[in-house]
Amino acid sequence: MNTAVTIYRLVEPYQYEKEIKKSVFIAHAVPVLSEEQAHEWLKKLSIPEATHNCWAYRIGQKYRSDDDGEPSGTAGRPILQVIEKQNFDQLLILVIRWFGGIKLGAGGLIRAYSGTAAECLRQAPRTEYIPQKTASILCSFSDYALLKARMAEYDAQIINEEFGAEVEIEITVPEDAYTALYDRILDLTRGQAVIVECQ
């Protein structure tokens with residue numbers, strides 16, 4: 001029985017707007033690859049004049065959230081829970097609130113922030129996220145054509161090739177196929193190829 005959870009990534013930035021008891025909530029969902037990128041997007045999308053700019057992101061094992069002045073635990077954490085519940089990774093969600101004069105209470109705020117974020121993600125274009133590894137392969141010219149022909153069997157993509165005294169091939173390959181490809185390359189080149197995993 002396969003119990004693997006499908007992880008999703010956003011295809012492109014998406015925006016969703018909702019009015020709740022005269023308060024306007026605008027959710028921005030953005031694909032991000034690093035914490036630095038998440039903070040750049042926050043600077044770009046946040047509206048200082050708005051009442052609150054609440055957000056959360058998840059990038060692999062790194063995740064953070066911020067209530068931006070709303071009562072603790074009523075905005076950032078519920079947004080983060082939506083990201084986790086819908087199985088997204090490499091994602092930032094910013095929910096901007098313009099206060100409309102009617103207080104929502106703690107429960108109302110949690111429902112408003114999580115509901116706006118959830119609907120934004122439901123509508124946003126998504127793709128299945130397959131974790132990748134990047135590696136560099138150093139091989140002889142005589143092994144090059146053979147190795148290149150076998151890459152597709154492991155869903156490996158060639159990013160870059162450099163030709164010198166030997167050939168250096170930079171590839172990305174799904175994490176779960178990496179070990180099999182590694183073993184196959186060593187087998188095909190009789191242990192002559194050098195494979196280095198890139199960070």
*asked:* With a 4.5 Å cut-off on side-chain heavy atoms, are Leu92 and Gln37 touching?
replied: no

*Please examine the side chains of Thr116 and Tyr16, heavy atoms only from C-beta on, and report whether any two atoms are closer than 4.5 Å.*
yes

*Start with the C-alpha gap between Trp55 and His39, add the side-chain angles, then the distance that decides, and say whether side-chain contact (heavy atoms from CB on, under 4.5 Å) holds.*
CA-CA 10 Å; Trp55 54 267; His39 289 288; 4.2 Å; yes

*Tyr8-Gln86 side chain donor-acceptor pair, cut-off 3.5 Å*: no

*Quick one: are Val82 and Lys85 in side-chain contact, heavy atoms under 4.5 Å?*
no

*Rounded distance (nearest 0.5 Å) linking atom OG of Ser34 with atom NZ of Lys62*: 8.0 Å

*Rounded distance [0.5 Å steps], CD in Glu70 versus CZ in Phe99*: 9.0 Å

*Measuring from Trp98:CH2 to Glu17:CD, what's the distance to the nearest 0.5 Å?*
10.5 Å

*Is the closest side-chain heavy-atom distance between Asp89 and Arg58 below 4.5 Å?*
yes

_List the residues meeting salt bridge (Lys or Arg N to Asp or Glu O under 4.0 Å) with Glu162, not counting sequence neighbours, and say none if there are none._
none

*Should side-chain heavy atoms under 4.5 Å link Ile, Leu, Val, Met, Phe, Trp and Tyr, which residues sit in the same cluster as Val173?*
Ile137, Phe141, Tyr144, Leu146, Leu147, Met151, Tyr154, Ile158, Phe163, Val167, Ile169, Ile171, Tyr178, Leu181, Tyr182, Ile185, Leu186, Leu188, Ile195

*Taking side chain as C-beta onward, heavy atoms only, is Leu94 less than 4.5 Å from Trp41?*
no

_Phe25 ring center near His52 ring center (under 6.0 Å)_ = no

*Verify, without hydrogens or angle tests, whether Asn53 (side chain) and Ile96 (backbone) share a donor-acceptor contact under 3.5 angstrom.*
no

*Charged N to carboxylate O below 4.0 Å: is that the case for Arg97 and Asp68?*
no

_Straight-line distance of Lys18 NZ to Glu119 CD, nearest 0.5 Å_ = 7.0 Å

*Roughly how far apart are Glu161 CD and Glu168 CD, rounded to 0.5 Å?*
11.0 Å

*Interatomic distance, Ser142 atom OG to Glu166 atom CD [nearest 0.5 angstrom]*: 9.5 Å

*Strictly by modelled atom types, are Thr134 and Glu170 linked by a side-chain donor-acceptor pair under 3.5 Å?*
no

*Is Val194 isolated, or which residues cluster with it under the ILVMFWY side-chain rule of less than 4.5 Å, directly or via members?*
Leu138, Val196

_Leu109 and side chain to side chain contact (heavy atoms under 4.5 Å, CB included): which single residue from Ser114, Cys54, Pro71, Pro78 fits?_
Pro71

